[in-house]
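Report on one structure; see the data block that follows.
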Amino acid sequence: MAKRQSLKELQERLAERLTVARSEAIAATWLAIEAGGRKFLLPLVQSGEIFPLAPIQRVPYTKDWFVGVANLRGGLNGVIDLAHLMGLGPAAGTSDRTTSESRLVSLHAALGLNAVLWIDRLLGLRSPGQFSAIEDCSPDDPAFITRVLVDSQGQRWQEIDLQQLVSEPGFLLIAA
């Protein structure tokens, strides 16, 4: 009888945990990342898969922020160094930028580009309830930075609209 009771309690606890996990996943709005020492939020609806750093084939005569192409799941993807694109540091692939935490985040297929963003590290998922304030963007920020959110520790997070990023005229012009 004791075994049945423990099994029933275990099943109840598991069902409760699954319910909590589902509600937290639904509440998550952004993928939190770090690039060039700054914190960014990528909308989950515009983000795709997260890949470990893969071998990248360099492409000559392209802009510095276009690192090259990578074969991910059998498809070629352009690799964009997010930090370098925003003028936040040296080009990806340099010894001080490439770490075991470096990742490639693909753009959602609905955006129509086979491209991934090279980021310095993942910081998890975030939901609107984790932020205490919203600030206006700086006039110096690119148009694809839609707003700045401040968390309870006072850290500033810049939200990137990936749809607007790929719509920028210079984004598709990778020739140097």
Checklist entry - At what distance, to the nearest 0.5 angstrom, does CH2 of W65 lie from CZ of F171? => result 5.5 Å
Checklist entry - Is L172 close to L113 at the side-chain level, that is, under 4.5 Å between some pair of heavy atoms? => result yes
Checklist entry - Rest of the hydrophobic cluster containing V45 (Ile/Leu/Val/Met/Phe/Trp/Tyr, side-chain heavy atoms under 4.5 Å)? => result none
Next on the checklist: Just to verify, what does W157 make a side chain to side chain donor-acceptor pair (under 3.5 Å) with, not counting sequence neighbours?
Outcome noted: D151
Checklist entry - Once you round to the nearest 0.5 Å, how far does CG of L162 lie from CD of Q164? => result 10.5 Å
Next on the checklist: Give me the atom names and distance for the closest heavy-atom approach of R58 to P60.
Outcome noted: O-CD, 3.9 Å
Item to check | Heavy-atom pair with the smallest gap, counting every atom of G68 and V59 | outcome: CA-CG2, 3.9 Å
Next on the checklist: Pair T99, D120 - check side-chain contact (heavy atoms from CB on, under 4.5 Å), show working.
Outcome noted: CA-CA 7 Å; T99 69; D120 296 334; 5.9 Å; no
Next on the checklist: Count I, L, V, M, F, W, Y as connected when their side-chain heavy atoms are under 4.5 Å apart, and connections chain through other members. Are W30 and L111 then in the same cluster?
Outcome noted: no
Checklist entry - So, for E159 and P43, which heavy atoms are closest and what is the spacing to 0.1 Å? => result OE2-CG, 4.3 Å
Mind listing the side-chain donor-acceptor pairs of residues 131-139 below 3.5 Å, one per line with the distance, residues two or more places apart or on another chain?
{"from": "S132", "atom 1": "OG", "to": "V150", "atom 2": "O", "distance (Å)": "3.3"}
{"from": "E135", "atom 1": "OE1", "to": "R156", "atom 2": "NE", "distance (Å)": "3.0"}
{"from": "E135", "atom 1": "OE1", "to": "R156", "atom 2": "NH2", "distance (Å)": "3.0"}
{"from": "S138", "atom 1": "OG", "to": "D140", "atom 2": "N", "distance (Å)": "3.2"}

Checklist entry - Is the closest side-chain heavy-atom distance between L44 and L125 below 4.5 Å? => result yes
Checklist entry - Does the side chain of I33 come within less than 4.5 Å of L82's, by heavy atoms? => result yes
Checklist outcome for this item: Those residues at least two apart in sequence (or on a different chain) that pass side chain to side chain donor-acceptor pair (under 3.5 Å) with E168 are none
Next on the checklist: With clusters defined by side-chain heavy atoms of hydrophobic residues (ILVMFWY) lying less than 4.5 Å apart, directly or transitively, does L123 cluster with I119?
Outcome noted: no
Checklist outcome for this item: Those residues at least two apart in sequence (or on a different chain) that pass salt bridge (Lys or Arg N to Asp or Glu O under 4.0 Å) with K63 are none
Item to check | Residue pairs passing the side chain to side chain donor-acceptor pair (under 3.5 Å) test where at least one lies in residues 69-80, sequence neighbours excluded | outcome: E49-R73
Checklist outcome for this item: Taken in chain and number order and not counting sequence neighbours, the residues that satisfy side chain to side chain donor-acceptor pair (under 3.5 Å) with Q46 are D161
Next on the checklist: List the residues meeting side chain to side chain donor-acceptor pair (under 3.5 Å) with T62, not counting sequence neighbours, and say none if there are none.
Outcome noted: none
Next on the checklist: Do I160 and L41 have side chains that approach each other closer than 4.5 Å (heavy atoms only, starting at C-beta)?
Outcome noted: no
Checklist entry - Do L107 and L117 come close enough that some side-chain heavy atom pair is under 4.5 Å? => result yes
Item to check | Min side-chain heavy-atom separation W118-L53 under 4.5 Å | outcome: yes
Next on the checklist: Measuring from atom CG of L42 to atom CG of L31, what distance do you get when rounded to the nearest 0.5 angstrom?
Outcome noted: 5.5 Å
Checklist entry - Can you tell me how far CG of L104 sits from CZ of F51, rounded to the nearest 0.5 angstrom? => result 8.0 Å
Checklist outcome for this item: Taken in chain and number order and not counting sequence neighbours, the residues that satisfy side-chain contact (heavy atoms from CB on, under 4.5 Å) with S167 are Q163
Checklist outcome for this item: For L88, the side-chain contact (heavy atoms from CB on, under 4.5 Å) test, sequence neighbours excluded, returns R38, F40, A83, M86
